[in-house]
Amino acid sequence: MTDETPRRSNFITEIIDEHNRTGRFGGRVHTRFPPEPNGYLHIGHAKALVLDFGIAEDYGGITNLRYDDTNPVKEDVEYVDAIKEDIRWLGFDWGDREYYASDYFEQLYEMAIKLIKKGKAYVDELTPEETREYRGTLTEPGKNSPWRDRPIEESLDLFQRMRAGEFKDGELTLRAKIDMASPNINMRDPVMYRILHAHHHRTGDEWCIYPMYDFAHGQSDSIEGITHSLCSLEYENHRPLYDWFIQELEIFAPQQIEFARLNLTHTVMSKRKLRRLVEAGLVDGWIDPRMPTLAAMRRRGYPPKAIREFIEIVGVAKSENVIEVELLEHVVRDELNLTAPRRMAILEPVKVIIDNYPEDQEEWFNIPDFPQDPENSPTRKVPFSREIYIEADDFMEEPPKKYFRLSPGREVRLMNAYYIQYKDIVKDEAGNIVEIHVSYDPESRGGQSPDGRKVRGTIHWVSAKHAIEAETRLYEQMFLEKDPEDLPEDQDFLDHFNKGSLKVLHAKLEPSLADAKVGEVYQFVRDGYFTLDHVTSTPEKPIWIRTLSLVDSWAKMQK
RNA sequence: UGGGGUAUUGUGUAAUGGUAGCACACCGGACUUUGAAUCCGUCUGUCGUGGUUCGAAUCCAUGUACCCCAGCCA
């Protein structure tokens, strides 16, 4: 840490600073990242990741990876592996501290026994329906279960038999004996264990009782010596319970701190809703480039550094927030602008014939990858010939005012090549432009003319006979509305899915792009950033994904 | 109508009794062999009402709005 890069400061670090002043944890900062392996990580998790790992690092502390795998019916190893890959990709390292709540099942069981013996937990025989009825409502207290005051010995025996598999799912539960009249519903004798005859991804069939989140999370933190347990706002109501178990068990007490989760405009973030998009077939799985998952962003070419930067910029507080997706895109473009080599590609080609350019001639131009700094930039060779492609957008027969590109009577610059002058167009019977005829000025080689005359428009091009063909996929937001969840009662967010959010085009690329590798992101000049799709692309049939378009102020002017 | 939280510009986030700052977005302009980038500039804010104070986003009172909680999910 240096003076130029002050470490982050927010309400969480204030709490930690206070702990350090009072010596509560002896100056130690040890956090954990606790995903449930029941889905893919999304950009919201990146916030938790940056906080958990980043704050610990700022204080010279460490972070554990711990899977919150207490519900076997929802969880799967598939997600365990995907989650690890995402965390590594973002650049975080948990060392050898890869843990699972399920590692602690035996200890948790012993803790439960301890609470039963203390008279602080009991086996309940209420059905799920009865449990709900007895719980009361937000405004009315609950009432005690008839089994609440059964003898300790009886609860002990029953709980042991629950573990032994003598009962069916849902028949019995172990509950904490707290206060059925508490205004905090989480304190109304919360269920600690439920019976689930289900196969667990790690413990297999060893257990048929599983601890609830509330009985597992805090103690797992305690066992690992976690000092600061960061979680999202909805767990605020659970903190009294978190503390209660710790206190009754007389074990090391971590501090739970809640922060507001990240939300983004034009998308949904809950795993449930993301799953619905996948299952409805509206997107191509969890890693569809339109999804807000980290795996999707990786596929799409978002640099992990940009995502971390985005989280830092966004900050952290306790108020509900919705970040405009434009900020994320800005940070991604900012990074890519510095790192993505420039290439020429024509997404919607129209053929241009340079009448006065010799038929059999070709030239190879040396063009810098980073024209902002040509002195230090690597270069690549780009062929030029008599027939080229330009973007259909770059020609207009009847241009509006301030249109600087090619049109009748106009001269424009082919980037890094020559000036060309419009001569004529050829149309088919339907009136579509088939080819544009132009002449070029041999004196303007490289894109400058000796007479110093100015051309306002510069367009890019690809030599027709050298072009390589590729499919390009252009993505837009999944939802046109800023908040797709803010809908009238009778409407479903799935019905608002942006059907035009994927556009597939067949592009012509400059030949150097044949050497592109998966993982590289290029700027296709004047259009956007692109990367080879590591999922669908093959050497025989390259498929490019547009990471993001460039900012297009011309399009904005047209609105 | 119980309990727990939160309110600073369009969106986020600073300011910890002393000039309301920064970023994105927006809108102008300069520059340009990317209508990108870069540069410059403008605009918009302390939830309301009282109070304390020389001075309040900050302290006090009161009101309002929004979020979370009634899974044997996490």
Side-chain angles (χ1 to χ4, degrees), chain A residues 9-10 14 34-36 38 68-71 73-75 101 124 126-128 131-133 135-142 169-175 181-188 190-196 209-210 212-214 216-217 231-240 258 260 262 265 271-272 313-331 333-334 337-338 342 344 367 371-372 374 402-405 412-417 419 446-448 455-460 482 523-528 549-557:
Chain A
S9 166
N10 52 52
E14 281 175 23
E36 184 188 14
N38 71 340
D68 236 331
D69 57 349
T70 55
N71 186 356
V73 307
K74 286 191 174 180
E75 296 150 8
D124 197 3
L126 254 29
T127 64
T131 305
R132 192 180 339 114
E133 286 160 18
R135 186 151 34 225
T137 69
L138 294 177
T139 51
E140 302 156 28
D169 286 7
E171 217 176 322
L172 261 37
T173 58
L174 182 71
R175 294 232 257 163
S182 172
N184 181 346
I185 291 185
N186 294 307
M187 301 298 272
R188 317 240 263 230
V191 171
M192 293 161 58
Y193 270 90
R194 75 286 215 188
I195 299 171
L196 244 32
I209 58 172
Y210 291 92
M212 300 286 290
Y213 166 84
D214 285 309
H217 198 89
C231 60
S232 50
L233 248 28
E234 69 261 34
Y235 291 100
E236 215 153 14
N237 295 330
H238 292 249
R239 179 153 32 96
E258 310 86 11
L262 174 77
T265 55
K271 282 185 193 168
R272 206 189 108 255
I313 288 173
V314 151
V316 59
K318 291 192 72 159
S319 56
E320 296 283 346
N321 61 82
V322 186
I323 311 295
E324 290 178 335
V325 74
E326 288 82 358
L327 177 58
L328 206 213
E329 296 180 343
H330 165 79
V331 177
R333 286 190 184 103
D334 222 29
N337 182 41
L338 298 175
R342 315 286 123 127
M344 290 197 285
I367 302 182
Q372 15 2 348
K402 297 210 174 172
Y403 182 83
F404 306 143
R405 286 110 96 148
V412 298
R413 171 166 37 232
L414 294 177
M415 192 182 285
N416 294 298
Y419 290 3
Q448 292 163 333
V455 284
R456 187 65 200 266
T458 300
I459 64 176
H460 59 107
K482 266 195 157 181
Q523 186 194 99
F524 288 2
V525 141
R526 298 212 305 134
D527 189 278
S549 67
L550 254 28
V551 172
D552 187 351
S553 57
W554 168 246
K556 214 177 285 176
M557 275 170 67

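Chain identifiers are assigned alphabetically (A, B, ...) following the order of the sequence lines, protein sequences preceding nucleic acid strands; residue numbering begins at 1 within each chain. Remember, predicted model here, so these are calculated numbers, not experimental data.
The partner of B/U1 cannot be assigned: no Watson-Crick or G-U wobble pair with both contacts below 3.5 Å exists in any strand. B/C39 is paired with B/G29 under the Watson-Crick or G-U wobble criterion, all donor-acceptor distances under 3.5 Å. Within the shown strands, B/U64 is the pairing partner of B/A7 under the Watson-Crick or G-U definition, both distances less than 3.5 Å. The partner of B/C22 is B/G12, judged by Watson-Crick or G-U wobble contacts that both fall below 3.5 Å. Across all strands shown, the partner of B/C59 is B/G51, judged by Watson-Crick or G-U wobble contacts whose two distances both fall under 3.5 Å.
Within 4.0 Å (heavy atoms only), A/I323 reaches sugar-phosphate atoms of the nucleic acid but no base atom. Using a 4.0 Å heavy-atom cutoff across all strands shown, A/Y403 reaches at least one base atom of the nucleic acid. Counting any heavy atom pair closer than 4.0 Å across all strands shown, A/R175 reaches no nucleic acid atom. Heavy atoms of A/V73 sit nowhere under 4.0 angstrom from any nucleic acid atom. Using a 4.0 Å heavy-atom distance criterion, A/R413 is classed as a base contact. Using a 4.0 Å heavy-atom cutoff across all strands shown, A/S553 reaches sugar-phosphate atoms only and no base atom. Here A/Q523 lies in heavy-atom contact (under 4.0 Å) with a base. Among the atoms of the strands shown, only primed sugar atoms or phosphate atoms (P, OP1, OP2) are found under 4.0 Å from some heavy atom of A/T70. At a threshold of 4.0 angstrom between heavy atoms, the contacts of A/R272 with the nucleic acid are absent. Residue A/N416 is classed as a base contact, given a heavy-atom separation below 4.0 Å to a base. Nucleic acid contact class of A/E324 (heavy atoms, under 4.0 Å, all strands): base. Looking at heavy-atom distances under 4.0 Å, A/V331 makes no contact with the nucleic acid at all.
Side-chain N/O atoms of A/K318 include none lying less than 4.0 angstrom from OP1 or OP2 on B/C67. For A/H460, no side-chain nitrogen or oxygen approaches OP1 or OP2 of B/U34 to under 4.0 Å. In this model, the phosphate group of B/U32 is not approached by any side-chain N or O of A/T458 to a distance below 4.0 Å at OP1 or OP2. For B/G4, neither phosphate oxygen OP1 nor OP2 lies less than 4.0 angstrom from any side-chain nitrogen or oxygen of A/R239. For the OP1/OP2 pair of B/G71 and a distance below 4.0 Å, the side-chain nitrogens and oxygens of A/R194 include no atom meeting the criterion. Taking only side-chain nitrogens and oxygens, A/R135 comes nearer than 4.0 Å to OP1 or OP2 of B/G71. Phosphate proximity of B/U13 to A/S319: present, with a side-chain N or O under 4.0 Å from OP1 or OP2.
Taking atom CZ of residue A/F404 and atom C1' of nucleotide B/C31, one finds them 13 Å apart after rounding to whole Å. Distance, A/D334 CG to B/A36 P: 15 Å, rounded to whole Å. Across the protein-nucleic acid pair, A/E320 atom CD and B/A65 atom C1' stand 14 Å apart, rounded to whole Å. Between A/I367 atom CD1 and B/U34 atom P the separation is 13 Å, expressed in whole Å. In this entry the distance linking CE of A/M212 with P of B/A74 reads 5 Å, nearest Å. Across the protein-nucleic acid pair, A/R333 atom CZ and B/U38 atom P stand 11 Å apart, rounded to whole Å. Spacing between atom NZ of A/K556 and atom P of B/A36 amounts to 9 Å, rounded to whole angstrom units. Spacing between atom CZ of A/R342 and atom P of B/A37 amounts to 11 Å, rounded to whole angstrom units.
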Exercise. Could you walk me through whether A/R239 and A/E258 pass the salt bridge (Lys or Arg N to Asp or Glu O under 4.0 Å) check?
Worked result: CA-CA 9 Å; A/R239 179 153 32 96; A/E258 310 86 11; 2.5 Å; yes
For this session: List the steps, then state whether side chain to side chain contact (heavy atoms under 4.5 Å, CB included) holds for A/D527 with A/H460.
Result: CA-CA 10 Å; A/D527 189 278; A/H460 59 107; 5.6 Å; no
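A perpendicular orientation is assigned to the rings of A/Y213 and A/H238, their planes being inclined by more than 60° (bins at 30° and 60°).
Across A/L172, A/L174, A/T173, a single residue satisfies side-chain contact (heavy atoms from CB on, under 4.5 Å) together with A/I195, and that is A/L172.
The A/V551 side chain lies nearest to B/A36 when the options are B/C72, B/A36, B/G12. For A/N71, the side-chain atoms get nearest to B/C73 when compared with the rest of B/C73, B/C72, B/C24. Considering only the side chain of A/N321, B/G12 comes nearest among B/G12, B/C72, B/G4. The side chain of A/L327 sits closest to B/C24 out of B/C24, B/G3, B/G4.
Comparing B/G50 with B/A15, their P atoms sit 28 Å apart, to the nearest whole Å. Taking atom P in both B/U49 and B/A65, the straight-line distance is 16 Å, to the nearest Å. Between B/G12 and B/A20, the distance separating the two P atoms is 23 Å to the nearest Å.
Applying the 3.5 Å distance criterion, the base of B/U38 shares no donor-acceptor pair with the side chain of A/Q372. The base of B/G3 sits within donor-acceptor range of the side chain of A/N237, with an N or O pair under 3.5 Å.
A heavy-atom distance below 4.5 Å is not found between the side chains of A/I367 and A/R342. Proximity of A/I313 to A/V331: side-chain heavy atoms (C-beta onward) are separated by under 4.5 Å at one or more points. A/E324 places none of its side-chain heavy atoms less than 4.5 Å from the side chain of A/H330. Between A/N71 and A/L196 the shortest side-chain heavy-atom distance falls below 4.5 Å.
The pair A/K318-A/E236 meets the salt-bridge criterion, since a charged nitrogen lies less than 4.0 angstrom from a carboxylate oxygen.
Nucleotides of RNA chain B nearest to A/I185 and A/A260 differ in position, and the one nearer the 5' end is that of A/A260. Judged by closest nucleotide on RNA chain B, A/R132 is the one of A/H238 and A/R132 placed further toward the 5' end.
With a glycosidic angle further than 90° from 0, B/G4 counts as anti.
Lacking a ring centre under 5.5 Å from that of the base six-membered ring together with a plane angle below 30°, A/Y213 does not count as stacked on B/A74.
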